[in-house]
Each structure stands twice: as structure tokens, then as C-alpha cells.
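Comments concern the structure below.
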2 protein chains.
Amino acid sequence: MKLSKRGEYALRALIDIGLAHALGKTLVSSSELAKQERIPVKFLEAILLELKRAGYLHSKRGAQGGYFLAQPMHRIKIGDVVRRIEGPLAPIRCASVTAYEKCSCPDEAHCGLRLLMVDVRNAIANILDRYTLADTVEVTLRKLRRDKAPLPFVEAAR
Amino acid sequence: MKLSKRGEYALRALIDIGLAHALGKTLVSSSELAKQERIPVKFLEAILLELKRAGYLHSKRGAQGGYFLAQPMHRIKIGDVVRRIEGPLAPIRCASVTAYEKCSCPDEAHCGLRLLMVDVRNAIANILDRYTLADTVEVTLRKLRRDKAPLPFVEAAR
DNA sequence: GCAATGTCTATCATTTTGGTAGGAATTGCA
DNA sequence: TGCAATTCCTACCAAAATGATAGACATTGC
Ligand code: FES
Ligand code: FES
């Protein structure tokens with residue numbers, strides 16, 4: 001039941017880019033992002049590239065370059081991002097909706113474990129497929145403002 | 001978001017032992033179990049040993065030996081078994097209730113990802129900590145009977 | 001005493017994870 | 001025009017996790 005560092009970094013990066021976007025900074029470089037999120041630069045680069053290939057980001061090369069969102073935030077479902085980076089949401093393949101695969105169980109039709117894991121997968125999907133990047137960014141932003149915490153990317157945007 | 005084979009096998013074995021118990025067969029050998037569940041014998045042995053060390057099973061050595069439940073089924077929470085075999089339920093450590101650990105996020109208090117993952121972890125825990133082995137066995141048994149499927153361990157119990 | 005069984009230790013191949021290194025290609029700007 | 005900043009690409013790597021397998025020893029029932 002674990003999200004890898006790769007997945008964690010991907011989501012953190014995406015949220016950060018979304019946050020920057022919401023604050024008026026539509027372009028963020030990998031080095032900025034790495035610094036802000038304390039992620040190894042080179043590792044992050046690879047991840048951003050993957051997010052780009054997945055269609056979530058576009059990029060601009062060269063000096064003053066960086067990454068920016070390729071889709072409106074409310075259309076980026078967290079669940080899809082996780083699926084792309086980590087694979088199926090279901091804890092076990094025979095309980096997966098989008099990537100079903102037979103398992104070694106002798107009698108799948110009466111497997112209690114499968115039933116249970118289908119429930120778990122649905123519970124996870126209900127959250128991750130309902131929440132979009134827009135939701136996540138909004139919640140974060142609201143929390144930051146309520147606590148009067150320093151907003152990221154605002155000095156840099158000046 | 002994945003359950004390893006080890007975890008899968010552990011749960012399947014436990015459910016099977018519970019099923020056998022419910023059908024009057026209180027003692028099951030690793031070879032029977034391996035055959036029934038199509039799990040490599042030696043691998044299963046190691047897992048059963050771990051379940052024993054965790055206090056879920058007792059064993060009887062020698063001929064006619066085997067494993068049997070060390071606790072009443074309704075007191076074995078699936079969530080605890082998973083935690084024991086797989087580790088924390090939360091997808092990310094900073095969202096774990098039972099095994100919290102700080103992550104590299106610069107501002108944990110305002111991290112949108114963490115919020116989201118706390119929700120996911122709660123959704124998972126709500127299912128896995130609510131369901132006991134007794135529930136799982138009962139559901140399985142009911143399904144088997146409704147479909148008039150051949151019950152496992154009954155011929156062998158004769 | 002023998003067969004069946006649990007217990008223990010060691011080993012292993014493969015995959016996944018979490019990176020690092022270096023350089024080529026592109027672009028903005030002085 | 002050239003330099004610095006940036007993305008993009010390929011290759012490589014060490015450590016850990018995964019999913020087993022092998023073999024010997026200990027215990028018990030018959
Ligand atoms: S675990 Fe997949 S059907 Fe039983
Ligand atoms: S991911 Fe752990 S606090 Fe942000």
C-alpha cells in the first residue's frame with residue numbers, strides 16, 4: 001500500500017506547478033522546483049519528463065525555460081496521475097478495474113480476499129478519481145492563506 | 001498502492017485456515033494449504049511461521065501436525081495482519097497514523113498531498129480495520145453456499 | 001523406526017527503487 | 001555572436017525488496 005518516491009515527487013511537483021500557476025507564475029524550471037520541494041534535481045528532471053510525455057505538462061527549452069501545465073487543472077485527476085506513474089490503484093491485480101489480471105487463486109468467484117480488495121480499490125479510487133489538481137491546489141492555497149504563511153513562487157515571480 | 005505476494009499469500013492462507021475452522025477442520029498443514037491455494041510450499045511455510053510469530057497462529061509439529069488459529073476469528077483485524085506483513089497502511093509515511101515519519105516536504109502543515117493521502121489512508125483503514133477474519137470467512141462461506149460450490153477442506157476432513 | 005510435519009538458516013536471481021553523471025540540443029539575452 | 005540557462009537524452013549504478021528454492025534439523029503420531 002505504498003506510494004514510491006517517484007510518485008510522491010511527481011505529485012508534489014505537479015501540485016507546486018499548479019500552485020505557481022494559480023499565483024500567476026505559469027512557467028517553472030526544474031531547478032526552482034527541486035529547490036522548493038527539496039528533490040534531487042536530476043531525479044526530478046526525469047520525472048517531469050515523464051509527466052510531459054503523459055500529457056500533463058508542456059515545456060519550453062533554453063534560458064528562461066521551464067515547465068507549464070498542458071491541461072486545465074480541473075481536468076487532471078490525481079488518480080490518473082498515480083496510475084500513470086505507479087500503476088493500478090488496486091492493491092492486487094485481480095481487484096483492478098483498469099488493469100485486471102487473473103491471479104493464482106483457485107476460485108476467484110468466491111475469493112474473500114478479492115472482495116475485500118475490490119472494496120479497498122473502490123475506496124481509493126473514489127478519493128483519487130474525484131480529486132483533481134485544481135481541488136488539491138485550492139485546498140493548499142486556502143490553508144496557506146488562512147495561516148498567513150508565506151506563499152511560494154511569489155518573490156520569484158516579481 | 002500494492003500488496004506483495006507475501007501479503008496476498010498470508011491473507012489467503014489465514015482466510016483458508018479460518019474457512020477450514022468454520023467447517024470443522026481446526027488443523028491444517030502447510031502442504032494442504034499450499035495445494036489448495038496454489039502457493040509454493042516453502043514460501044508458504046515461511047509466511048505461516050511469520051503469522052505464528054505475530055500471534056495469529058499456533059502450530060503442532062510432527063505427523064498429523066499443522067497450523068491452527070491462535071485467536072478467535074473476530075478478533076483478528078485484517079488491517080493489523082496487513083500492517084504486520086506489509087507495513088503501514090498509509091501510502092506515504094507522513095500520512096501514517098501508526099507509523100508516522102517526517103518527509104522531505106518543506107512545509108508539512110500546508111502540504112496538499114499529505115492531506116489527500118491522509119484521506120486515502122483513512123479510507124483504507126476504515127475498511128481493513130473494520131473487517132475481521134470472521135467477517136471475511138463468513139462472506140466467503142455464504143457465497144460458496146449460495147452458489148452451491150464445493151466446500152474446501154470437507155472431503156479432507158472426513 | 002519411519003513418515004510426516006514444523007523450524008531454521010542460507011542462498012539466489014530478478015526486479016524495483018532511488019538515484020547520479022555527462023553531454024547534446026535549444027533558447028533568451030547581453 | 002557568444003554565453004548561460006535550460007530541457008532532453010542515454011547510460012550507469014548501488015542498495016533494497018521480491019519471490020522464491022534448498023537442505024538439514026527437530027518433533028510427533030502411528
Ligand atoms: S486473491 Fe485474486 S481471486 Fe483470490
Ligand atoms: S508529502 Fe509529506 S508532508 Fe508533503
Side-chain angles (χ1 to χ4, degrees), chain A residues 1-13 17 25-54 56-70 82 85-88 91-93 103-104 156, chain B residues 1-13 17 25-54 56-70 82 85-88 91-93 103-104 156:
Chain A
M1 328 299 265
K2 208 176 133 216
L3 190 72
S4 68
K5 284 292 172 198
R6 194 180 185 84
E8 179 194 325
Y9 292 164
L11 290 174
R12 276 165 59 186
I17 293 174
K25 183 177 169 72
T26 49
L27 196 64
V28 188
S29 77
S30 61
S31 56
E32 275 179 292
L33 216 42
K35 199 170 168 189
Q36 167 73 20
E37 287 293 326
R38 303 213 220 124
I39 298 173
V41 175
K42 282 301 210 174
F43 193 23
L44 181 58
E45 274 183 13
I47 295 169
L48 290 171
L49 217 46
E50 195 175 350
L51 287 173
K52 178 188 173 174
R53 293 207 181 96
Y56 295 115
L57 297 178
H58 281 156
S59 61
K60 190 175 159 199
R61 297 173 73 152
Q64 266 47 289
Y67 295 89
F68 56 99
L69 291 170
V82 172
I85 305 287
E86 295 279 299
I92 209 174
R93 290 300 282 269
C103 73
S104 68
Chain B
M1 331 296 267
K2 208 175 134 217
L3 189 73
S4 69
K5 285 293 172 196
R6 194 179 185 85
E8 178 193 325
Y9 293 164
L11 290 175
R12 276 165 58 187
I17 293 174
K25 183 179 170 72
T26 49
L27 196 65
V28 188
S29 77
S30 62
S31 56
E32 275 179 292
L33 216 42
K35 199 171 168 188
Q36 168 74 21
E37 287 293 326
R38 304 214 218 121
I39 299 172
V41 176
K42 281 303 211 173
F43 192 21
L44 181 59
E45 276 182 10
I47 294 168
L48 290 171
L49 216 47
E50 194 175 351
L51 287 173
K52 179 188 172 173
R53 293 207 182 97
Y56 296 115
L57 297 178
H58 281 155
S59 61
K60 191 174 157 199
R61 297 171 73 151
Q64 263 54 286
Y67 295 89
F68 55 99
L69 293 170
V82 172
I85 305 287
E86 296 278 301
I92 210 175
R93 290 301 283 269
C103 73
S104 67

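When reading the values below, keep in mind they use all heavy atoms of this one structure, side chains included, and skip hydrogens, waters and symmetry mates. Here is the naming used below: chain letters follow the sequence lines, and residue numbers restart at 1 for every chain.
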Would you indicate, yes or no, if [N] has its OP1 or OP2 atom less than 4.0 angstrom from a side-chain nitrogen or oxygen of [X]?
| X | N | answer |
| --- | --- | --- |
| A/Tyr9 | C/dG19 | yes |
| B/Arg61 | C/dA3 | no |
| A/Ser4 | C/dT17 | no |
| A/Lys2 | C/dT17 | no |

Determine the minimum heavy-atom distance between [X] and [Y], stating which atoms define it.
| X | Y | result |
| --- | --- | --- |
| A/Gln64 | A/Leu27 | O-CD2, 3.3 Å |
| B/Tyr67 | B/Ile17 | CB-CD1, 4.4 Å |
| A/Gly7 | A/Ile85 | CA-CG2, 3.8 Å |
| B/Arg38 | A/Ser104 | NH1-O, 3.4 Å |

Verify side-chain contact (heavy atoms from CB on, under 4.5 Å) between A/Ser4 and A/Glu86, making sure each step is shown before the conclusion.
CA-CA 7 Å; A/Ser4 68; A/Glu86 295 279 299; 2.3 Å; yes
When only distance counts, do a donor and an acceptor, one from the side chain of [X] and one from the base of [N], lie under 3.5 Å apart?
| X | N | answer |
| --- | --- | --- |
| A/Glu45 | D/dC8 | yes |
| A/Lys42 | C/dG18 | no |
| A/Lys60 | C/dG28 | no |

What is the distance, to the nearest angstrom, from the [atom1] atom on [X] to the [atom2] atom on [N]?
| X | N | atom1 | atom2 | answer |
| --- | --- | --- | --- | --- |
| A/Lys52 | D/dC9 | NZ | C1' | 12 Å |
| B/Ile47 | C/dG6 | CD1 | P | 14 Å |
| A/Met1 | D/dA17 | CE | P | 18 Å |
| B/Phe68 | C/dT5 | CZ | C1' | 14 Å |
| A/Leu48 | D/dT6 | CG | C1' | 12 Å |
| B/Glu50 | C/dC8 | CD | P | 13 Å |
| A/Leu57 | D/dT7 | CG | C1' | 13 Å |
| B/Ile85 | D/dG19 | CD1 | C1' | 14 Å |

Need to verify one output field. Residue with the more 5' nearest nucleotide on DNA chain C, B/Tyr67 or A/Lys5?
B/Tyr67
Please pick, from [options], the nucleotide with the shortest atom-to-atom distance to any side-chain atom of [X].
| X | options | value |
| --- | --- | --- |
| A/Ser59 | C/dT27, D/dT7, C/dC8 | D/dT7 |
| A/Ser31 | D/dA20, D/dT6, D/dT28 | D/dT6 |
| A/Phe43 | C/dT27, D/dG19, C/dG18 | C/dG18 |
| A/Pro40 | C/dG28, C/dG6, C/dG19 | C/dG19 |

Taking A/Lys5 first and then A/Glu8, would you say they form a salt bridge - that is, a charged N and a carboxylate O separated by under 4.0 Å?
yes
salt_bridge(A/Lys42, A/Glu45) N-O dist < 4.0 Å
yes
Between B/Ala63 and B/Glu86, just flag the one whose closest nucleotide in DNA chain D comes earlier from the 5' side.
B/Glu86
Side-chain heavy-atom pair A/Leu33, A/Ile39 within 4.5 angstrom cut-off
no
Using the C1' atoms of five pairs at each end, what's the angle between the two axes of the helix from C/dG1-D/dC30 to C/dA30-D/dT1, to 10 degrees?
10°
